[in-house]
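Computed over heavy atoms, backbone and side chain alike; hydrogens, waters and symmetry mates excluded. Ligands are counted one by one from 1 in listed order, and the atoms in each one are counted from 1 as well.
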Amino acid sequence: MKFIDEALITVESGRGGNGCVSFRREKYVPRGGPNGGDGGKGGDVIIRATSRISSLSEFSFKRHFKAQRGAHGRGKQQSGKQGKNAIINVPRGTLVTETENGRVIKDLIHEGESVVVAAGGRGGLGNRHFASARNRTPRYAQEGETGQLRHLKLELKILADVGIIGLPNAGKSTLISKLSSARPKIAGYPFTTLIPSLGMVDATDNYRFIIADIPGLIEGAGNGVGLGTRFLKHVERTRILLHLIDVSAMTPDDLLAPFEIINRELAAFNPQLSQKRQVVVLNKIDQPGTSTLAEKAIAALRPRNPDVWAISALTGIGLDPLRAHLASLVHQQTGGDNRRNGNDPLD
Ligand SMILES: Nc1nc2c(ncn2[C@@H]2O[C@H](COP(=O)(O)OP(=O)(O)OP(=O)(O)O)[C@@H](O)[C@H]2O)c(=O)[nH]1
Ligand SMILES: [Mg+2]
């Protein structure tokens with residue numbers, strides 16, 4: 001899945017149609033009254049959330065969205081037609097803000113949720129509205145109101161149950177590819193993954209949950225180092241964090257270091273993140289010479305976070321119990337009623 005998590009767009013609502021100046025013309029009625037119709041309202045621009053799309057990538061090709069203008073009023077009191085609305089579909093989890101000042105317009109979470117981001121201009125009134133005792137033949141009608149032009153920022157924040165975090169090269173992408181159908185690139189160097197990916201985990205026949213591979217966390221990320229805050233914002237919306245640690249890269253005299261680096265970054269970005277439920281998972285226990293290290297690390301980590309596991313994402317050791325454990329935590333947190341047979345995150 002191609003994942004683009006930010007887009008800038010311009011939206012423009014339709015202008016209202018003009019009111020019409022017109023008079024009745026009938027045989028034998030020399031001076032008919034005004035009968036100019038009203039202009040139609042301009043179309044709105046509406047942003048709507050849908051689970052049919054999963055990224056903002058299409059907005060790198062199309063950035064300008066314009067609704068139709070309202071038709072002008074015509075004689076014989078005929079009102080102009082309303083302009084068609086422009087509907088912009090975005091993935092669920094898209095936050096819409098105003099580019100200039102960052103003001104939040106709407107966080108579109110649920111299927112079909114929508115917001116009018118530029119309202120169509122009012123149609124102008126036809127001249128018949130302006131007739132009075134003093135002026136029975138008004139040669140004046142109102143112009144349609146102009147549409148609104150707005151610059152907007154769209155930001156996709158992942159909606160997932162479990163977010164995999166950890167230092168580069170910990171094996172996050174390997175793990176998501178073993179647990180779900182997601183297939184991010186895997187390689188033995190840091191920052192292989194530059195974009196988060198999402199996968200669906202089939203825990204049992206009828207229970208599924210969504211897992212996300214969240215890349216880019218390093219020391220200083222909370223203050224913008226590396227991919228930094230760009231991806232930390234995705235962590236905000238996951239229910240549970242799976243904190244993955246490469247046990248083969250641990251130094252025996254500082255077993256807590258990787259765990260603490262990541263937790264400091266979470267806290268620096270948003271203190272609430274460090275309150276989130278974490279499942280700590282030691283990875284790469286298939287590597288020779290890691291078993292004593294793993295045992296010591298587990299003992300050191302438990303006082304900080306009692307929920308510690310050991311796996312090999314590569315060979316599959318420990319994956320089944322871990323999957324079941326994650327499923328039961330998600331189940332607990334959601335009351336068990338979401339995502340059965342198919343899932344609708346956060347509904
Ligand atoms: N021996 C062993 N190697 C593993 C294991 N899991 C991952 N690796 C290797 O570790 C390297 C990094 O794995 P990735 O899954 O790309 O790690 P990542 O955390 O996604 O890395 P970044 O995207 O760069 O942050 C790859 O060479 C993997 O093959 C494991 O359980 N055992
Ligand atoms: Mg990766």
Output the list of atoms in ligand 1 that are nearer than 4.0 Å to some heavy atom of [X], sorted by atom number.
{"X": "S173", "answer": "15 (O), 18 (P), 20 (O)"}
{"X": "P168", "answer": "25 (O)"}
{"X": "G171", "answer": "7 (C), 13 (O), 14 (P), 15 (O), 17 (O), 18 (P), 19 (O)"}

Return all side-chain donor-acceptor pairs below 3.5 angstrom for residues 76-85, not counting sequence neighbours, or 'none' if the list is empty.
unit_1	atom_1	unit_2	atom_2	d
Q77	OE1	R128	NH1	3.3
Q78	NE2	G75	O	3.2
N85	OD1	D44	N	2.8

Original post:
How far apart are the C-alpha atoms of K106 and E113, what are their side-chain angles, what is the distance that settles it, and do they pass the salt bridge (Lys or Arg N to Asp or Glu O under 4.0 Å) test?
Top reply: CA-CA 10 Å; K106 182 101 179 172; E113 205 174 349; 3.7 Å; yes
Original post:
From L255 CG over to L282 CG, what is the distance, rounded to the nearest 0.5 angstrom?
Top reply: 9.5 Å
Subject >> Cation-aromatic face contact K62/F65, 6.0 Å, 45 degrees >> reply: yes
**OP:** Check each of T315, I311, L244, N169 against atom 21 (O) of ligand 1 and report the one with the nearest heavy atom.
**Re:** N169
**OP:** Can you spot which of I211, L179, I210 makes a side chain to side chain contact (heavy atoms under 4.5 Å, CB included) with M200?
**Re:** I210
Heavy-atom pairs closer than 4.0 Å: do any link ligand 1 to the side chain of [X], the backbone, both, or neither?
{"X": "D286", "answer": "side chain"}
{"X": "K172", "answer": "both"}
{"X": "N283", "answer": "side chain"}

**OP:** Would you please determine whether A170 falls within less than 4.0 Å of ligand 1 on a heavy-atom basis?
**Re:** yes
Original post:
So is there a nitrogen or oxygen of A313 less than 3.5 Å from a nitrogen or oxygen in ligand 1?
Top reply: yes
**OP:** Please indicate whether any nitrogen or oxygen in D213 is less than 3.5 Å from any nitrogen or oxygen in ligand 1.
**Re:** no
Subject >> Mutual orientation of the aromatic rings belonging to H243 and F259 [parallel < 30°, tilted 30-60°, perpendicular > 60°] >> reply: parallel
**OP:** Taking only Lys NZ, Arg NE, NH1 and NH2, and the carboxylate oxygens of Asp or Glu, determine whether R63 and E58 approach each other closer than 4.0 Å.
**Re:** no
Original post:
Is there an N/O/S atom in S173 at a distance below 2.8 Å from the Mg ion (ligand 2)?
Top reply: yes
Sequence neighbours excluded and cut-off under 3.5 Å, please list the side-chain donor-acceptor pairs for residues 287-300, or say none.
unit_1	atom_1	unit_2	atom_2	d
T290	OG1	I285	O	3.2
T290	OG1	Q287	O	2.7

